Amino acid sequence: MTQRGAAPFIAGALGRCPNCGEGRLFTGFLTVSPRCAKCGFDLAKADSGDGPAVFVIFIAGFIAAFGLLFTEIVYRPPLWLEGVIWLPVAAVLCLGLLRPLKGLMIAAQFANKASQAGRDDV
Ligand SMILES: [Zn+2]
């Protein structure tokens with residue numbers, strides 16, 4: 001069973017196998033399973049490289065930098081308060097986005113038949 005359309009992307013973002021949508025994609029926080037436990041799909045060949053980190057930097061960096069500038073311009077709080085607010089926000093955003101974006105990029109490799117994704121119908 002191979003998923004089509006947007007289903008691999010949704011499965012990947014939710015941390016599930018892009019091939020069947022049921023098996024777990026990760027064994028650890030960011031460690032990809034060598035093989036899907038449900039369908040046996042070879043996940044070891046999937047390598048998203050630095051891709052997820054780049055998107056995390058763009059998204060989290062934009063939100064945190066915009067928030068910092070907005071509060072600085074509108075409320076002018078002390079500098080330590082800006083750090084207390086926006087450093088944890090940036091850390092939580094980065095850690096929270098990393099896993100879904102890594103799953104999404106692995107699913108994109110699978111859906112676009114990238115040679116690294118290990119599809120045998122390429
Ligand atoms: Zn699977």
Side-chain angles (χ1 to χ4, degrees):
M1 174 179 60
T2 300
Q3 297 193 114
R4 300 264 180 238
F9 296 99
I10 294 167
L14 294 175
R16 296 197 305 256
C17 168
N19 190 46
C20 66
E22 294 175 18
R24 294 173 61 130
L25 181 57
F26 299 103
T27 54
F29 181 60
L30 291 174
T31 308
V32 178
S33 303
R35 186 166 292 277
C36 175
K38 291 278 183 184
C39 69
F41 185 71
D42 184 8
L43 296 164
K45 291 180 185 171
D47 182 14
S48 58
D50 295 335
V54 170
F55 285 103
V56 166
I57 289 167
F58 284 150
I59 296 168
F62 174 79
I63 293 170
F66 180 81
L68 181 113
L69 288 172
F70 180 81
T71 53
E72 175 62 28
I73 291 168
V74 175
Y75 301 108
R76 303 192 65 74
L79 193 58
W80 65 267
L81 185 57
E82 296 270 28
V84 167
I85 294 170
W86 293 108
L87 287 176
V89 167
V92 167
L93 279 173
C94 288
L95 293 174
L97 286 171
L98 206 46
R99 190 173 159 139
L101 283 175
K102 183 167 183 174
L104 198 60
M105 295 213 64
I106 290 173
Q109 286 181 330
F110 168 82
N112 293 304
K113 301 181 180 179
S115 59
Q116 304 96 321
R119 286 177 60 143
D120 48 7
D121 61 338
V122 178

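Counting starts at 1 for both ligands and their atoms, in listed order. These figures come from a predicted structure and were not determined experimentally.
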Would you list the atom pairs, donor with acceptor, under 3.5 Å between side chains in residues 94-108 and any protein atom, with sequence neighbours excluded?
unit_1	atom_1	unit_2	atom_2	d
R99	NH1	G28	O	3.1
R99	NH1	F29	O	3.4
K102	NZ	L30	O	2.8

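The backbone N or O of D47 sits less than 3.5 Å from a side-chain atom of Q109, completing a donor-acceptor pair. A donor-acceptor pair is defined here as one N or O able to donate and one able to accept, closer than 3.5 Å; such a pair exists between the side chain of R35 and the backbone of G40.
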Kindly determine whether I59 and L93 satisfy side chain to side chain contact (heavy atoms under 4.5 Å, CB included), including the steps that lead there. CA-CA 9 Å; I59 296 168; L93 279 173; over 6 Å; no
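At a cut-off of 2.8 Å, measuring from the Zn ion (ligand 1), the protein N, O or S atoms that fall short of it are C17 SG, C20 SG, C36 SG, C39 SG, waters left aside.
Taking the six-membered ring where the residue is Trp, F55 and F58 present perpendicular rings, their angle passing 60° and hence far from 30°.
Within the 4.5 Å cutoff, the side chain of V32 has heavy atoms near those of the F26 side chain.
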